[in-house]
Amino acid sequence: MVAAVAADLNPPACIRRHLHMFSFCSKSKVSAWEGWMVGLFWIAAAIWLIMSAIVPACADDLQKFVRMHHCPIAERLEIIHRVSRAGDMNRFIAVNLPGFNQSYVQCLFLDDDGQLVCEAASGYYAHGEDEPRTRFLPAASIAALSDLGFATDHSEGNYYLMVTAVERQDFAEVAELLLSALYSGYGVRPWIAVEIVAPLAPEVSQCTPVG
C-alpha cells in the first residue's frame with residue numbers, strides 16, 4: 001500500500017529544480033501578452049469552478065473519470081520506476097488540462113526509487129519572478145486537496161505530498177490520487193480531455209480505452 005509521508009516535512013525543491021525545463025513549473029519573466037493570457041485563463045478557471053459548484057458532483061462522475069485515465073497513468077508510473085535511474089531528469093509524470101497551464105498534477109521519482117514527491121498546481125508559478133502573487137485556488141479546492149493529503153502551504157510553491165510507492169498496487173493508488181486531485185481540486189470531469197506527459201513512458205500498450 002502506498003504510504004504518505006507526513007505533510008509538514010519540508011519537501012525537496014526537486015520538482016522545481018530538476019524540472020526547470022518543464023513549463024508547468026517555470027517561474028520566469030513573462031511578457032505583457034503572456035500576462036494578459038494568464039489573466040484570461042484565471043477568469044475562465046474561476047467561471048468553471050463556479051459552474052462546477054453549481055452542478056453537484058456525482059460519485060459516478062468521479063468513478064468514470066478515474067476509470068478513463070487510471071490505467072495509462074498507473075502503467076506509466078510503473079514503467080518510469082522500472083527503466084529510469086537515479087539522477088535522470090525525466091523521472092516524472094504530469095497530468096494537465098491542455099491550454100490551462102495552472103491546472104495540473106505531477107509526480108517525480110526521487111533518487112530513492114521508493115519515494116515520489118507529488119504536486120498539485122497552486123498558482124504560484126503563474127507569474128514572473130518579480131511579480132506580486134495574485135493567483136490562488138478557491139478555498140473549496142484547497143480544502144479538497146488537503147483532504148487528499150496534500151500540504152496546502154503554497155507560499156513557496158505548489159501543494160505537495162510525499163509518498164512511498166514500489167509495487168503495482170502502489171502505482172495504482174498514486175494514479176487514483178492524481179485523478180482525484182484533478183476532479184476535486186480543479187473541477188475536471190469525464191467529458192474534459194486531459195494530457196499525460198511522461199518522457200520516459202510516452203506510450204502504453206496494456207490499457208484498453210474506456211469511454
Side-chain angles (χ1 to χ4, degrees), residues 4 7-55 57 62 65 69 73 92-108 116-163 174 177-189 192-197:
D8 59 352
L9 294 176
N10 291 325
C14 52
I15 292 265
R16 296 186 293 278
R17 186 186 315 123
H18 296 308
L19 304 186
H20 62 279
M21 78 299 289
F22 195 28
S23 61
F24 299 143
C25 293
S26 71
K27 186 176 184 184
S28 56
K29 187 174 180 59
V30 295
S31 68
W33 170 254
E34 289 170 326
W36 184 74
M37 292 301 293
V38 168
L40 282 181
F41 157 72
W42 281 99
I43 292 172
I47 293 172
W48 172 247
L49 287 168
I50 290 170
M51 293 303 296
S52 297
I54 293 173
V55 180
L62 173 58
F65 179 60
H69 304 290
I73 295 173
F92 70 87
I93 187 170
V95 189
N96 69 92
L97 275 67
F100 295 86
N101 70 353
Q102 289 300 312
S103 293
Y104 64 87
V105 291
Q106 59 189 11
C107 290
L108 173 74
L116 294 88
V117 56
C118 297
E119 289 191 342
S122 68
Y124 180 85
Y125 295 100
H127 306 279
E129 189 70 37
D130 300 323
E131 296 177 352
R133 170 109 183 260
T134 59
R135 314 298 185 187
F136 303 91
L137 280 183
S141 295
I142 297 173
L145 293 173
S146 178
D147 288 344
L148 290 172
F150 286 88
T152 53
D153 176 8
H154 49 85
S155 59
E156 295 184 359
N158 287 327
Y159 311 116
Y160 72 92
L161 174 65
M162 295 185 67
V163 298
V174 173
L177 167 72
L178 295 180
L179 291 167
S180 297
L182 283 174
Y183 183 93
S184 301
Y186 304 92
V188 184
R189 295 295 181 262
I192 300 176
V194 300
E195 178 184 28
I196 302 174
V197 179

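- When every heavy atom of Tyr183 is checked against every heavy atom of Val188, the shortest pair comes out as CD1-O, 3.1 Å.
- The minimum heavy-atom distance between Val174 and Cys118, with the atom names listed, is CG1-SG, 4.3 Å.
- Residues satisfying the ring-ring contact (aromatic ring centres under 6.0 Å, His included) test with His154, not counting sequence neighbours, are Phe136, Tyr159.
- The line from CG of Leu97 to CD of Gln102 is 12.0 Å long, rounded to the nearest 0.5 Å.
- The two residues Asn158 and Gly123 come nearest to each other via the heavy atoms OD1-N, 4.5 Å.
- With contacts defined as side-chain heavy-atom distances shorter than 4.5 Å, the pair Val197/Phe92 qualifies.
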Solution key, residues 146-153 side-chain donor-acceptor pairs under 3.5 Å, sequence neighbours excluded:
unit_1, atom_1, unit_2, atom_2, d
Asp153, OD1, Ser155, N, 3.1
Asp153, OD1, Ser155, OG, 2.8

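- Of the inter-residue distances, the one linking Asn96 atom CG with Ile196 atom CD1 reads 9.5 Å to the nearest 0.5 angstrom.
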(Q) Assess the residue pair Phe65 and Ile192 against the criterion (side-chain contact (heavy atoms from CB on, under 4.5 Å)); give the C-alpha distance rounded to whole Å, side-chain angles, the decisive distance to 0.1 Å, and a yes or no. (A) CA-CA 9 Å; Phe65 179 60; Ile192 300 176; over 6 Å; no

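- Counting heavy atoms from C-beta outward, His69 and Val194 have side chains that approach closer than 4.5 Å.
- Interatomic distance, OH of Tyr104 versus CD of Glu195, reported as 13.5 Å (0.5 Å rounding).
- Here the side chains of Cys107 and Leu178 are in contact, with some heavy-atom distance below 4.5 Å.
- Geometrically, Arg135 does not engage Tyr124 in a cation-pi contact, judged by NZ or CZ lying under 6.0 Å from the ring centre and within 45° of the ring axis.
- For the pair Ala121 and Ser103, the tightest heavy-atom approach, listed with the atom from each and the gap, is CB-N, 4.4 Å.
- Closest approach of Ser122 and Gly157 over heavy atoms only: OG-O, 2.9 Å.
- Interatomic distance, CG of Leu182 versus CD1 of Ile73, reported as 7.5 Å (0.5 Å rounding).
- Nearest heavy-atom pair across Ala144 and Ser184 is CB-O, 3.6 Å.
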